[in-house]
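Just so you know, these numbers use all the heavy atoms, side chains as well, and skip hydrogens, waters and symmetry mates.
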Amino acid sequence: MSVSPTRTPCRLFVILARNAPRGVIFRRGPSEWVQLIAWDTATDTFQSGQWFHGRIYKKRCDLSPNGGKLVYFAARPYGPTRTVGESYYNTWTAISKPPYLTALALWPGNESTYCGGGLFDADNRVVINAYAGRITAHPNHRPPFRLKVIAKQLSYGDELTSMRLVRDGWTFDRNVSPASKPKNNLGVRCKTRKKEGLALLATTTDGKIGEHDQYEVIDLKAGRRTLLKDVRWADWDQQGRFVFTRNGCVFSARYGESGRLEVVQLADFNGATFAALEAPDEAKVW
């Protein structure tokens, strides 16, 4: 089976590790397919990983501080799939080694998207967003004893997303406003992240935290504001570079002597096509 390249640009969302130059890219396109891509931000090398036919709720995913593990929340739209004597429901939270989705630990969901997902407090400590604060690992995918698992019910998804953003240095600020008013002003919320005289402003315009229609870079000294059109995700990487995704590509940028934002394209993932990929042996063990 093959998936032809999308006619419109694929969509890219990134989560960066806190203590290592690693990141994971969620590539979506066509709409019912997601691919994981590992990103070494120190060398700007990329490793294409496994594809998933369904949806991965990227806002509820997280990387361990060292970047070696990914906790993700996934859903298939086709109802439960069952094996003999055991059940895999159509939603689940799992931990894998990116860029692979092969589950090292897995907790079946409640066949809805109300809960699910998680956050790494440390490399061996994870909080799982679980309905009523109760979870049971699948018998074929039990976490190792050295992983501390905390089950906690959070709100639908925004609370989980807000916790990750605040942990990673973002600040929600009601006193900050976008330079230009978004077309859709439903639930407008602004958040900023400052770095070496610059601030990144992300404006939420659809009422969902983490889904942004508008990004801006603000030069705090000069008061200069640069609107980033069509940007899906933006942040500073572990080296302090400004990085972002747009139209299926990954970019880095800096302010040059001219005062303009100088942009360098790092990768283009629009031409990716589905390929079945078996996780290597080292990705199947903790």
Worked verdict on Ser48 versus Gln35 for side-chain contact (heavy atoms from CB on, under 4.5 Å): CA-CA 8 Å; Ser48 297; Gln35 183 190 25; 3.6 Å; yes
side-chain contact (heavy atoms from CB on, under 4.5 Å) evaluation trace for Val14 with Trp39: CA-CA 9 Å; Val14 183; Trp39 178 13; 4.0 Å; yes
side-chain contact (heavy atoms from CB on, under 4.5 Å) between Leu228 and Val217, intermediate numbers included: CA-CA 8 Å; Leu228 305 174; Val217 178; 3.8 Å; yes
Check against side-chain contact (heavy atoms from CB on, under 4.5 Å), Asp40 and Asp44: CA-CA 5 Å; Asp40 184 326; Asp44 287 329; over 6 Å; no
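Atoms CZ and OG1, on Arg142 and Thr136 in that order, are 8.5 Å from each other to the nearest 0.5 Å. Note that the OH atom of Tyr215 and the CG atom of Leu200 stand 7.0 Å from one another [nearest 0.5 Å]. Between atom OG of residue Ser64 and atom CG of residue Asp121 there is a gap of 12.0 Å, rounded to the nearest 0.5 Å. Atom CD of Gln214 is separated from atom CG of Leu227 by 5.0 Å, given to the nearest 0.5 angstrom. One finds the CH2 atom of Trp170 at 13.0 Å from the OG1 atom of Thr161 (value rounded to the nearest 0.5 Å). Here His141 contributes atom NE2 and Leu106 contributes atom CG; the two are 5.5 Å apart, rounded to the nearest 0.5 Å.
Across all their heavy atoms, Leu261 and Ala253 have their closest contact at CG-CB, 4.0 Å. In this structure, Gln265 and Cys249 approach most closely via the heavy-atom pair OE1-SG, 3.9 Å. Closest approach of Phe73 and Cys61 over heavy atoms only: N-SG, 3.9 Å. Heavy-atom minimum distance, Pro108 versus Ala137: CD-C, 4.5 Å. Nearest heavy-atom pair, Phe242 versus Ala234, reported as atom, atom and distance to 0.1 Å: CE1-CB, 3.9 Å. Pairing each heavy atom of Pro98 with each of Leu63, the nearest pair is CG-CD2, 3.9 Å.
Under the 4.5 Å side-chain criterion, counting only non-hydrogen atoms from C-beta, Arg11 is not in contact with Trp233. When side chains are defined from C-beta on, Met163 counts as touching Leu119, because their heavy atoms get closer than 4.5 Å. Counting only heavy atoms from C-beta outward, the side chains of Glu262 and Ser252 never approach each other to under 4.5 Å. Between Asn247 and Thr8 the shortest side-chain heavy-atom distance does not fall below 4.5 Å. For the pair Arg167/Arg18, a side-chain contact is recorded, criterion being any heavy-atom separation below 4.5 Å from C-beta on.
Under the 4.5 Å side-chain heavy-atom criterion for Ile, Leu, Val, Met, Phe, Trp and Tyr, Phe269 and Tyr100 are members of distinct hydrophobic clusters. Cluster membership check: Leu277 does not share its hydrophobic cluster with Phe46, using side-chain heavy-atom separations under 4.5 Å among Ile, Leu, Val, Met, Phe, Trp and Tyr. By the rule that hydrophobic residues join a cluster once side-chain heavy atoms approach within less than 4.5 Å of another member, Val24 and Phe52 end up as members of one cluster. Cluster membership for Phe13 and Val250, using ILVMFWY side-chain heavy atoms within less than 4.5 angstrom, is shared.
Grouping Ile, Leu, Val, Met, Phe, Trp and Tyr by side-chain contacts under 4.5 Å, direct or through others, puts Val149 with Val71, Ile95, Leu104, Trp107, Phe120, Val126, Ile128, Ile135, Leu147, Trp286.
Side-chain atoms of Thr93 do not come within 3.5 Å of backbone N or O of Gly116 as any donor-acceptor pair. A donor-acceptor pair under 3.5 Å is formed between the side chain of Asn129 and the backbone N or O of Leu154. In terms of modelled atom types and a separation under 3.5 Å, the side chain of Tyr72 and the main chain of Leu101 share a donor-acceptor contact. Checked by atom type and distance alone, the side chain of Arg60 pairs as donor or acceptor with a backbone atom of Cys115 at under 3.5 Å. In this structure a side-chain-to-backbone donor-acceptor pair under 3.5 Å is missing from Glu32 to Arg55. A donor-acceptor contact shorter than 3.5 Å links the side chain of Lys97 to the backbone of Glu282. A donor-acceptor contact shorter than 3.5 Å is absent between the side chain of Arg164 and the backbone of Asp62.
Applying the side-chain contact (heavy atoms from CB on, under 4.5 Å) criterion to Ile150, with sequence neighbours excluded, gives Arg125, Val127, Lys148. Under the rule for a side chain to side chain donor-acceptor pair (under 3.5 Å), Thr245 has no partner lying at least two apart in sequence or in another chain. Judged as a side chain to side chain donor-acceptor pair (under 3.5 Å), and not counting sequence neighbours, the contacts of Thr45 are Thr43. Residues meeting the side chain to side chain donor-acceptor pair (under 3.5 Å) test with Asp219, sequence neighbours left out: Arg224. By the side chain to side chain donor-acceptor pair (under 3.5 Å) test, Thr41 is found to be paired with Gln238, Gln239, residues two or more places apart in sequence or in another chain being considered.
Note that Lys58 lies outside the cation-pi zone of Phe26, set by a 6.0 Å cut-off to the ring centre and a 45° limit from the axis. Phe251 carries Arg246 over the face of its six-membered ring, with the cationic atom under 6.0 Å from the centre and within 45° of the normal.
By the 30° and 60° cut-offs, the orientation of the rings of Phe274 relative to Trp51 is perpendicular. The aromatic rings of His53 and Trp33 lie parallel to each other, with less than 30° between the two planes, well short of the 60° mark.
Glu278 and Lys284 are joined by a salt bridge, as a carboxylate oxygen and a charged side-chain nitrogen come within less than 4.0 angstrom of each other. The existence of a salt bridge linking Arg22 and Asp237 is excluded, since no basic side-chain nitrogen approaches an acidic carboxylate oxygen closer than 4.0 Å.
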